[in-house]
Amino acid sequence: MKKFPKNFLWGAAMSAPQTEGESLSFGKTETTWDYWFRVSPENFYENQGPGVTSDIYNQYLEDCQRMKEIGLNSIRTSISWARLLPDGKTINQKAVQFYRNYFSAMLENGVEPIINLFHFDLPMWLMKQGGWENRVSVQAFAFYAKTCFELFGDLVGKWTTFNEPLVHIECGYLYQYHYPAIVDFKRAIQVGYHTLLAHKAAVKVFREVVETGEIGIILNISPTYPRSDSDEDRLAAFRSDLLNIRSFLDPSVLGTIPEELVTLLSENGLLPEVKDGDDQRIRENLVDFIGLNYYQPRRVQAPEFPTVPAKMPSDFYAAYDWPDKKMNPYRGWEIYPEALYDVAMMMKDKYNNIPWYVSENGMGVADEERFMNDAGEIEDDYRIAFMKEHLSYLHKGISEGSHCFGYHAWTFIDCWSWLNGYRNRYGFYRLDLTTHERSIKKSGRWIQQVSENNGF
Ligand code: BGP
């Protein structure tokens with residue numbers, strides 16, 4: 001039996017834009033997702049948009065009971081900025097009531113809410129001013145954060161500022177998976193810099209207005225493995241880590257931006273605009289904990305014909321296709337549970353053994369109705385096997401002293417996914433797209449046992 005530390009968090013992660021529904025009602029205004037779907041629905045898998053999603057806005061009472069039913073002692077979700085502050089300034093009282101009721105229902109069911117402020121869903125009123133490219137976004141975010149802390153601080157003990165900040169940067173400004181779908185490395189770096197400052201500003205305001213409670217940030221972590229031990233491949237891995245791991249982890253935990261990252265950006269004409277006092281803002285305002293979303297490793301090799309100065313991150317490191325990889329063919333992501341041990345050791349050895357948790361891990365599978373038994377239950381043994389393997393490596397890291405305090409699966413109920421709609425399912429509960437009924441999967445019954453035994 002693999003036992004986990006006392007008070008270990010067993011839970012699941014989700015986000016407002018992927019679960020709430022009522023995306024243009026009860027006072028909420030458009031986000032970039034609502035807007036993009038309205039103007040370019042063809043970009044979205046089977047024209048599935050963010051309008052209804054899992055309808056949690058209307059079903060949260062029953063859903064909070066469902067959390068308890070499968071043994072979840074914690075849930076991470078986010079607040080919708082455009083719902084709470086439809087014009088950036090005025091508080092929407094319907095939103096206040098909804099979130100207070102929702103978080104209270106979690107607490108009544110013994111579920112600790114971990115509340116995140118930004119999960120890719122930028123309000124259109126801010127996008128129209130340039131979004132994260134415009135430094136006004138930093139103050140706008142700090143105001144939103146302060147509003148949340150004041151309104152919900154009595155119900156929420158753990159806050160996080162951003163989910164996967166790298167993703168809205170690279171998908172929005174390099175790879176065209178998020179609005180505004182621009183390809184421009186320099187603008188991407190500016191967006192990243194303002195995002196970092198917004199995170200720092202939110203932590204600062206948190207320390208000013210909240211007496212008890214903790215604050216952190218959630219980062220996507222893909223540990224980098226070079227193709228070979230050659231100097232060139234190792235340099236590629238080092239640069240990948242600078243951009244993809246250390247860019248947010250170092251300033252959040254250590255209060256520094258790696259010097260080598262500054263040099264690399266400077267040599268390539270990519271440095272962002274900064275202002276006096278930014279150094280101090282970055283040095284201070286450190287987090288209490290870190291959440292790490294782990295799905296897949298990153299394998300790299302030296303780029304063969306890099307453009308100088310760099311136009312894309314691939315000019316610093318190229319993807320390496322490891323012939324021995326094991327794949328999740330539905331999502332196209334490599335399955336490599338060993339990395340969770342490496343991540344645990346990295347947090348212990350390089351980040352002062354700061355408390356951290358696995359804030360997302362999971363397996364998206366298409367056409368899960370193939371695995372439905374006669375009683376109508378999805379027998380998702382592959383998901384159970386996936387989680388067991390990952391938890392085993394995590395357990396090894398914890399037994400060697402890494403300060404990990406929880407494991408959250410992606411996700412609670414099958415949810416809407418950005419451009420992929422409902423193609424890949426991740427939930428402990430299946431969502432029926434026509435009736436919006438939820439039904440427990442085998443993995444839901446399994447996680448209940450794991451949570452009850454605090455191990456498996
Ligand atoms: C993470 C995001 C989630 C979720 C998950 C699964 O990166 O934080 O919002 O979507 O990935 O990925 P996908 O939905 O693309 O399959």
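In each ligand, atom 1 is the first atom listed, and ligand 1 is the first ligand listed.
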Report the nearest protein non-hydrogen atom to [atom]: residue, atom name, distance rounded to 0.1 Å.
atom: atom 7 (O) of ligand 1; result: Glu164 OE1, 2.7 Å
atom: atom 14 (O) of ligand 1; result: Ser417 OG, 2.5 Å
atom: atom 2 (C) of ligand 1; result: Glu360 OE1, 3.5 Å

- Note on the structure: Looking only at non-hydrogen atoms, the one of Tyr330, Tyr177, Trp410, Trp333 nearest atom 3 (C) of ligand 1 is Trp410
- Who's closest to atom 12 (O) of ligand 1 heavy-atom-wise, of Tyr295, Tyr426, Trp418? Tyr426
- Message: Can a donor-acceptor pair be found, under 3.5 Å and without considering hydrogens, that links the side chain of Arg423 to the backbone of Asn420?
- Response: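 It does not hold such a pair.
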- Task: Test Lys94 against Glu22 for salt bridge (charged side-chain N to carboxylate O under 4.0 Å, His left out), laying out the working first.
- Result: CA-CA 12 Å; Lys94 289 197 184 92; Glu22 300 291 1; over 6 Å; no
- Message: Whether the Asp342 and Tyr225 side chains hold a donor-acceptor pair (N or O, under 3.5 Å, no angle test) is what I'd like checked.
- Response: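 Yes.
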- Side chains of Trp81 and Thr31: donor-acceptor distance under 3.5 Å anywhere? no
- Query: Polar-atom distance check: Arg331 versus ligand 1, any N or O pair below 3.5 Å?
  - Reply: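 For ligand 1, there is an N or O atom that lies under 3.5 Å from one belonging to Arg331.
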- Message: Counting only nitrogen or oxygen atoms and a 3.5 angstrom limit, does His119 reach ligand 1?
- Response: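 His119 vs ligand 1: N/O contact under 3.5 Å present.
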Distance-only donor-acceptor pairs under 3.5 Å for side chains of residues 36-46, two or more places apart:
unit_1, atom_1, unit_2, atom_2, d
Arg38, NE, Glu30, OE2, 2.7
Arg38, NH2, Glu30, OE1, 3.1
Arg38, NH2, Glu30, OE2, 3.4

- Apply the ring pair (Phe, Tyr, Trp, His ring centres under 6.0 Å) test between Phe412 and each candidate in Tyr429, Phe428, Trp10; give the one that qualifies.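 With Phe412 as partner, Tyr429, Phe428, Trp10 yield a single ring pair (Phe, Tyr, Trp, His ring centres under 6.0 Å), made by Tyr429.
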- Message: Only heavy atoms of Asn163, strictly under 4.0 Å: list the atoms of ligand 1 that pass.
- Response: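 It comes down to these atoms of ligand 1: 8 (O).
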